[in-house]
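Take a look at the structure below.
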Amino acid sequence: MSTVRLTTAQALVRFLAEQYVERDGVEHRFFGGCFGIFGHGNVAGIGEALYESPELLTYYQARNEQGMVHAAAGYARMRNRLGALVCTSSIGPGATNMVTGAALATINRLPVLLLPGDVFASRKPDPVLQQLEVPWAGDVSVNDCFRPVSRYFDRIWRPEQVIPAALQAMRVLVNQAETGAVTLASPQDVQAEAYDFPEEFLRRRTWRVPRPLPDEAALAEAAARIRAARRPLIVAGGGVIYSEATDALSALCESTGIPVGETQAGKGSLPHDHPSALGGIGATGTLAANRLAAGADLVIGIGTRWSDFTTASKTAFQNPEVRFVNVNAADFDAAKHAGLALVGDARATIERLAALLAGWSVDHDYREEAARLNAEWDAEVERLYTLGHGPLPAQSEVLGAVNSAAEPSDVVVCAAGSMPGDLHKLWRTRDPKGYHVEYGYSCMGYEIAGGLGVKMAAPEREVYVLVGDGSYLMLPGEIVTSLQEGLKLTIVLVDNHGFNSIGSLSRSLGLDGFGTLYRFRRDGSLGLDSDPSPAPVLPLDLAANAAPPRRRRRAQP
Ligand SMILES: Cc1ncc(C[n+]2csc(CCOP(=O)(O)OP(=O)(O)O)c2C)c(N)n1
Ligand SMILES: [Mg+2]
């Protein structure tokens with residue numbers, strides 16, 4: 001066996017650069033580069049490996065480790081999970097800053113590879129700077145926080161262990177049912193330790209992403225149930241888009257007339273003006289989708305994890321006879337709501353169902369009802385886009401202005417606050433990748449960093465980041481990265497001086513906006529809605545961030 005002597009980090013970087021994926025005969029590199037912020041926990045290992053071979057993985061600098069993982073998640077989503085980024089951090093705070101990003105990626109079923117540095121395997125310098133000491137366990141570090149938020153976790157205690165760990169990491173990252181954050185915690189001494197790695201480990205490897213079909217008996221049963229239904233409804237989730245099943249879905253809807261409601265991740269499955277498109281469904285959905293949901297007798301979930309927003313906390317489907325059929329790559333999601341589980345790829349399954357349903361259609365009235373409700377809702381969207389609210393425009397008008405300024409293939413990015421709900425019901429999607437609202441974790445601070453990842457994956461598209469003042473203040477730093485990389489983002493900031501979405505929730509509970517206003521402290525309080533003479537709002541001039549930079553004065557000789 002021929003070997004090559006490398007540090008563990010050098011071997012891992014070489015390995016990552018040689019990973020390819022293939023679906024439908026199209027093959028390309030899996031990793032688009034490596035984000036990193038260096039510290040003593042990774043500079044001599046992964047840092048050195050990236051430095052000495054810059055041609056292997058392009059290095060990207062970030063401002064905040066959470067931000068770089070968000071960017072990686074945005075990138076993976078934009079690449080339909082067929083591409084990913086690596087994120088390397090130092091130990092301690094750099095590592096734990098990535099935990100939120102890891103949870104976001106895993107909840108949204110998006111592949112990201114995280115390489116947090118870890119304490120010395122040798123334990124010689126313990127406690128090294130930033131080491132958490134656990135009195136009852138010598139083998140625990142802060143990186144154990146990654147275990148519940150990762151779909152695969154390993155800690156590389158010895159150089160040769162990186163071989164099975166890297167292969168397992170790839171197995172999970174490319175698996176459409178299992179994918180999410182994968183964490184290989186890397187003790188800082190082992191990263192820099194040399195070993196004779198087999199050359200075979202470092203050779204080009206192609207991972208095929210299959211399109212498995214559900215069991216034929218389950219398909220036949222599903223087709224029979226659909227044929228027997230009078231008011232069937234499809235709920236399209238992110239899986240429809242990741243599987244590139246949007247054309248297949250639209251063909252199925254045209255032949256059968258089944259209407260479609262979309263989850264946040266599934267919005268864009270059909271263009272907004274398709275006769276079967278009801279738009280967003282659930283708590284933040286359209287009147288059209290929710291009216292049909294209420295009476296549906298058979299609900300066909302495709303690529304959805306059935307979050308509470310989609311089911312309006314299980315109130316959306318009111319028909320006592322309603323039953324579910326779930327098409328999903330993951331049996332975990334396919335089994336939800338006691339549904340008939342069709343475990344398989346969305347596109348392949350939709351195409352097979354279309355064949356099994358050949359010649360069948362919902363009755364004419366139901367088709368007409370869907371098209372009429374869709375048109376009715378579109379008129380309501382038009383009204384809300386053009387309210388003429390003064391002196392400042394309503395949020396719906398801001399969305400309308402961005403929608404009409406954007407080209408069909410441009411991408412709108414959002415995550416938390418009051419805008420995701422408004423976007424879900426009001427945004428007119430015209431391209432399957434044009435709507436990117438992160439609502440699995442709904443993480444404040446995702447917007448700009450996630451938008452950067454979208455732009456890295458699709459530099460030919462314009463990216464519109466819609467962000468509230470609260471989210472903006474939480475994590476604006478990756479604006480600097482976008483400037484550093486020459487990646488243009490159009491950031492639309494809606495400033496309502498506070499956490500307004502939670503303010504509304506607070507008001508609805510009789511809590512008077514407590515803790516959601518941006519006001520000065522006065523008489524011991526940060527203010528409530530009902531204050532007779534409220535303290536002034538914090539004078540934050542966020543628009544000043546967009547002002548052209550002042551010319552630096554030349555240093556005097
Ligand atoms: C990291 C994180 N912390 C807290 C929350 C809970 N939360 C949801 S929306 C929100 C307020 C967002 O404020 P802003 O961005 O200004 O949007 P607005 O609600 O005003 O539209 C908060 C605190 C969250 N989603 N994410
Ligand atoms: Mg706000």
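Every value quoted in this text rests on a predicted model; they were computed, and no experiment measured them. Only heavy atoms go into these numbers, but all of them, side chains included; no hydrogens, no water, no symmetry mates.
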Output field: ring centroids [X]/[Y] closer than 6.0 Å:
X: F30; Y: Y20; value: no
X: Y439; Y: F309; value: yes
X: F499; Y: Y518; value: yes
X: F153; Y: F146; value: no

I need the [X] [atom1] to [Y] [atom2] distance, nearest 0.5 Å.
X: D541; Y: D495; atom1: CG; atom2: CG; result: 9.0 Å
X: C414; Y: H436; atom1: SG; atom2: NE2; result: 10.5 Å
X: L6; Y: F197; atom1: CG; atom2: CZ; result: 6.5 Å
X: K488; Y: S482; atom1: NZ; atom2: OG; result: 11.5 Å
X: L184; Y: D118; atom1: CG; atom2: CG; result: 11.5 Å

What heavy-atom pair brings [X] and [Y] nearest, and what distance separates the two atoms?
X: S89; Y: E65; result: CB-CG, 4.1 Å
X: L110; Y: A73; result: CD1-O, 3.6 Å
X: A95; Y: P116; result: CB-CB, 3.7 Å
X: Y152; Y: V172; result: CB-CG2, 3.9 Å
X: Q61; Y: F35; result: O-CE2, 3.8 Å

Do side-chain atoms of [X] reach the backbone of [Y] as a donor and acceptor pair under 3.5 angstrom?
X: T96; Y: G92; result: yes
X: T179; Y: L173; result: yes
X: E160; Y: D196; result: no
X: Q176; Y: V174; result: yes
X: E438; Y: S442; result: yes
X: D333; Y: G303; result: no
X: E478; Y: N64; result: yes
X: Q191; Y: S186; result: yes
X: T304; Y: G237; result: no
X: T106; Y: V149; result: yes

Heavy-atom count around E52 CD within 6.0 Å, excluding the residue itself: above 12?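 Enclosed.
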
Is F120 atom CZ crowded by more than 12 heavy atoms from other residues, nucleotides or ligands, each under 6.0 Å away?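 Count over threshold, so yes.
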
Derivation and outcome, side-chain hydrogen bond (donor to acceptor under 3.5 Å, both in side chains), residues S243 and R211: CA-CA 9 Å; S243 154; R211 292 191 177 277; 3.3 Å; yes

Quick one: do E447 and Y472 satisfy side-chain hydrogen bond (donor to acceptor under 3.5 Å, both in side chains)? Show the steps, please. CA-CA 8 Å; E447 296 86 348; Y472 181 83; over 6 Å; no

After noting the C-alpha distance and the side-chain angles of F201 and F15, does the key distance pass the ring pair (Phe, Tyr, Trp, His ring centres under 6.0 Å) rule? CA-CA 7 Å; F201 171 61; F15 171 88; 4.7 Å; yes

Would you check, one step at a time, whether the test salt bridge (charged side-chain N to carboxylate O under 4.0 Å, His left out) holds for R347 with D24? CA-CA 11 Å; R347 193 172 92 187; D24 303 329; 3.5 Å; yes

E27 vs T206, test: side chain to side chain contact (heavy atoms under 4.5 Å, CB included). Steps then yes/no. CA-CA 8 Å; E27 182 167 333; T206 301; 2.9 Å; yes

Would you mind telling me which of Y446, Y441, Y75 makes a side-chain contact (heavy atoms from CB on, under 4.5 Å) with H70?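 Between H70 and the candidates, side-chain contact (heavy atoms from CB on, under 4.5 Å) is satisfied uniquely by Y446.
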
For Y59 and F38: C-alpha separation, side-chain torsions, deciding distance, then whether ring pair (Phe, Tyr, Trp, His ring centres under 6.0 Å) applies. CA-CA 11 Å; Y59 163 69; F38 296 114; 5.3 Å; yes

Derivation and outcome, salt bridge (charged side-chain N to carboxylate O under 4.0 Å, His left out), residues R155 and D144: CA-CA 9 Å; R155 187 178 272 122; D144 288 274; 2.8 Å; yes

Quick one: do E178 and R151 satisfy salt bridge (charged side-chain N to carboxylate O under 4.0 Å, His left out)? Show the steps, please. CA-CA 7 Å; E178 286 191 43; R151 297 307 303 265; 5.1 Å; no

Hey, does T7 have a side-chain heavy atom less than 4.5 Å from the side chain of E193?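 Side-chain contact under 4.5 Å: no.
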
Run N97 and Q66 through side-chain hydrogen bond (donor to acceptor under 3.5 Å, both in side chains) and show every step you take. CA-CA 5 Å; N97 268 354; Q66 183 187 140; 5.9 Å; no

Show your reasoning for whether side-chain hydrogen bond (donor to acceptor under 3.5 Å, both in side chains) applies to Q168 and R171. CA-CA 5 Å; Q168 285 296 327; R171 174 187 67 77; 2.8 Å; yes

List the residues meeting salt bridge (charged side-chain N to carboxylate O under 4.0 Å, His left out) with R123, not counting sequence neighbours, and say none if there are none.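 R123: no salt bridge (charged side-chain N to carboxylate O under 4.0 Å, His left out) contacts found.
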
Stepwise, does the salt bridge (charged side-chain N to carboxylate O under 4.0 Å, His left out) test hold for E407 with R461? CA-CA 9 Å; E407 294 295 323; R461 298 182 188 233; over 6 Å; no

